[in-house]
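Below is one structure, written out as structure tokens; the observations come after it.
In what follows, chains are A, B, ... by sequence order, proteins preceding strands, each numbered from 1.
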Amino acid sequence: MSWWLLHVDLDQFIAAVEILRRPELRGRPVVVGGDGDPTRARQVVATASYEARAFGVRSGIPLRVAARRCPEAVFLPSDPPAYRAASADVMATLARFPVQLQVYGWDEAFLGTETGDPMALAVDVRRAVLDGTGLSCAVGVGDNKLTAKHAARFAKPGGIHQLTAATWMAAMGAKPAAELWGVGPKTTKKLTALGLHTIADLAGADLATLTEHFGANAGGWLQLSARGTGETTVDTTPWIARSRSRETTFAADLTDRASVAQQVAALARALGADVIGDGRRVTHVAVKVRFSSFYTPTRVMKLRAGPTTDLDEIERAALTVLDKFDLDGGRPVRLVGVRTDLAMEDP
DNA sequence: TCTGGGGTCCTAGGACCC
DNA sequence: TCTGGGGTCCTAGGACCC
């Protein structure tokens with residue numbers, strides 16, 4: 001018996017939920033994103049089915065590009081409530097196992113358990129999810145969260161894979177450092193400049209060099225990750241959101257200050273109603289503006305009178321924060337967003 | 001073919017106080 | 001009179017993830 005972590009990762013989750021309620025779509029290229037109209041600009045792919053991915057359709061590319069790459073694809077609007085409900089079903093299924101469960105977003109979870117046969121557990125989990133919800137998942141088995149997460153990548157789609165400290169370097173060493181969980185484009189660029197290309201390069205790199213370029217925290221974390229070391233604990237406490245935000249990209253840029261202010265006020269009220277409805281108190285209000293140049297500053301204000309549940313105060317604060325922006329001359333605005341930071345005491 | 005939306009965490013730097 | 005250093009609060013931005 002020893003401590004194992006399983007990472008459960010649902011396959012093409014959003015597309016899979018859509019296919020589940022429209023079985024006639026199974027086997028076809030399905031693309032979900034925006035309002036589902038690929039002729040409209042400024043909308044991107046949320047998830048593509050594996051059939052659509054074969055045409056080069058990936059998350060994040062414009063719907064128009066997806067339509068060009070795969071004209072026969074079925075385009076569907078994003079339906080977050082349906083995905084939330086499907087996710088809750090999956091998590092409820094996982095919670096029935098004698099494990100510690102950490103929900104990790106809509107379509108992922110970590111399971112921690114003391115067991116002598118983690119692969120058998122993985123088989124049971126995958127079967128239970130499929131039988132209980134109709135959704136297929138990959139299960140990664142590891143000795144920590146990092147190895148479990150990467151094991152799940154090997155297992156995708158729909159499989160089971162084990163990765164531990166003992167097998168890490170043989171499986172991962174030759175891969176580009178960019179494939180490491182937590183290493184994004186910026187870090188990759190800096191690593192490349194240091195001559196560190198693979199995960200093995202990073203694992204063998206001089207720690208002083210890493211901390212010099214990435215800071216003591218990130219530098220140490222990078223090296224540990226490259227060596228396959230990660231968290232072994234599962235946080236089972238229910239998640240309490242630190243913030244909630246809402247943003248809108250306009251089909252056409254806004255060019256007058258009054259329209260921008262009106263949009264900010266509307267977002268602030270809608271968002272405020274949501275968080276207050278959830279019994280939360282707002283500590284800060286932030287506003288984000290994306291100009292046509294894609295320059296995207298954010299400004300934030302702490303509410304001086306303390307955490308509030310007053311919708312009018314939230315709206316006023318958002319408009320006050322908006323005043324910090326230079327909107328002179330009708331600089332074209334393509335997006336505005338409002339974020340509320342939430343008090344973390346008991347609501 | 002111009003680039004969504006919703007999050008978290010970390011760091012740097014200025015203000016201010018002692 | 002020409003000036004150190006620590007601590008904390010606050011904001012802005014960077015980076016990454018799903």
Residue mapping more 5' on DNA chain B - nearest nucleotide basis, A:Leu271 or A:Pro62: A:Pro62
Separation of atom CG in A:Asp341 from atom P in C:dC10, rounded to whole Å: 12 Å
Nucleotide nearest A:Thr187 when distance is taken to its side chain, options C:dC16, C:dC18, C:dG13: C:dC16
Distance below 4.0 Å between A:Arg339 side-chain N/O and B:dG7 OP1 or OP2: no
Rounded interatomic separation in angstrom, taking CG from A:Asp35 and P from B:dG5: 11 Å
Side chain proximity check, A:Arg58 to A:Val45, heavy atoms < 4.5 angstrom: no
Syn/anti label of B:dT3 as read from its glycosidic torsion, with the cut at 90° from 0: anti
Sugar-phosphate, base or nothing in reach of A:Val183, heavy atoms under 4.0 Å: sugar-phosphate
Shortest side-chain distance from A:Thr249, nucleotide among B:dG4, C:dC16, B:dG7: B:dG4
Euclidean distance, atom CZ of residue A:Arg68 to atom P of B:dT3 [Å, nearest integer]: 13 Å
Minimum-distance nucleotide (side-chain atoms of A:Ala241 versus C:dA12, B:dT3, B:dT8): B:dT8
Side chain of A:Asn217 (C-beta onward), nearest among C:dC16, B:dC10, C:dC18: B:dC10
Secondary-structure stems, DNA chain C, at least 3 Watson-Crick or G-U base pairs under 3.5 Å: B:5-18 with C:5-18
Residue A:Val300, side-chain atoms from C-beta onward, closest of C:dA12, B:dT3, B:dC9: C:dA12
Rounded interatomic separation in angstrom, taking NE2 from A:His7 and C1' from C:dC18: 10 Å
Steps toward side chain to side chain donor-acceptor pair (under 3.5 Å) verdict (A:Ser136, A:Asp11): CA-CA 6 Å; A:Ser136 130; A:Asp11 299 319; 2.3 Å; yes
Listed nucleotide nearest any side-chain atom of A:Phe294, set B:dT3, C:dT11, C:dC18: B:dT3
A:Phe214 CZ to B:dC10 P, straight-line distance once rounded to whole Å: 17 Å
Gap between atoms CG and C1', on A:Leu335 and B:dC2 respectively (whole Å): 15 Å
Sugar-phosphate, base or nothing in reach of A:Gly34, heavy atoms under 4.0 Å: nothing
Side-chain N or O of A:Arg334 closer than 4.0 Å to phosphate OP1/OP2 of B:dG4: yes
Among B:dC2, B:dG7, B:dT3, the one nearest A:Ser245 by side-chain distance: B:dG7
Touch class at under 4.0 angstrom, heavy-atom based, for A:Pro80 against every strand present: nothing
For atom CD1 of A:Ile61 and atom P of B:dT1, their distance in whole Å: 12 Å
A:Lys324, NZ: over 12 other non-hydrogen atoms inside 6.0 angstrom: yes
Sugar-phosphate, base or nothing in reach of A:Thr248, heavy atoms under 4.0 Å: sugar-phosphate
Electrostatic pair A:Asp312:A:Arg269 at N-O distance under 4.0 angstrom: yes
First of A:Gly215 and A:Phe250 reached from the 5' end of DNA chain B, by closest nucleotide: A:Phe250
N/O (side chain, A:Arg299) to phosphate O (OP1/OP2, C:dG13) under 4.0 Å: yes
Closest listed nucleotide, where the reference is the side chain of A:His284 and the choices are C:dG13, B:dT3, C:dT11: C:dT11
Sugar-phosphate, base or nothing in reach of A:Trp239, heavy atoms under 4.0 Å: sugar-phosphate
Closest listed nucleotide, where the reference is the side chain of A:Val65 and the choices are B:dG7, C:dG13, B:dT1: B:dT1
Selected nucleotide, minimal atom distance to A:Trp181 side chain, candidates C:dC17, B:dT8, C:dA15: C:dC17
Nearest-angstrom distance from the residue atom CD of A:Glu247 to P of B:dG7: 10 Å
Rounded distance in Å between the P positions of C:dC18 and B:dT3: 24 Å
Touch class at under 4.0 angstrom, heavy-atom based, for A:Gly105 against every strand present: nothing
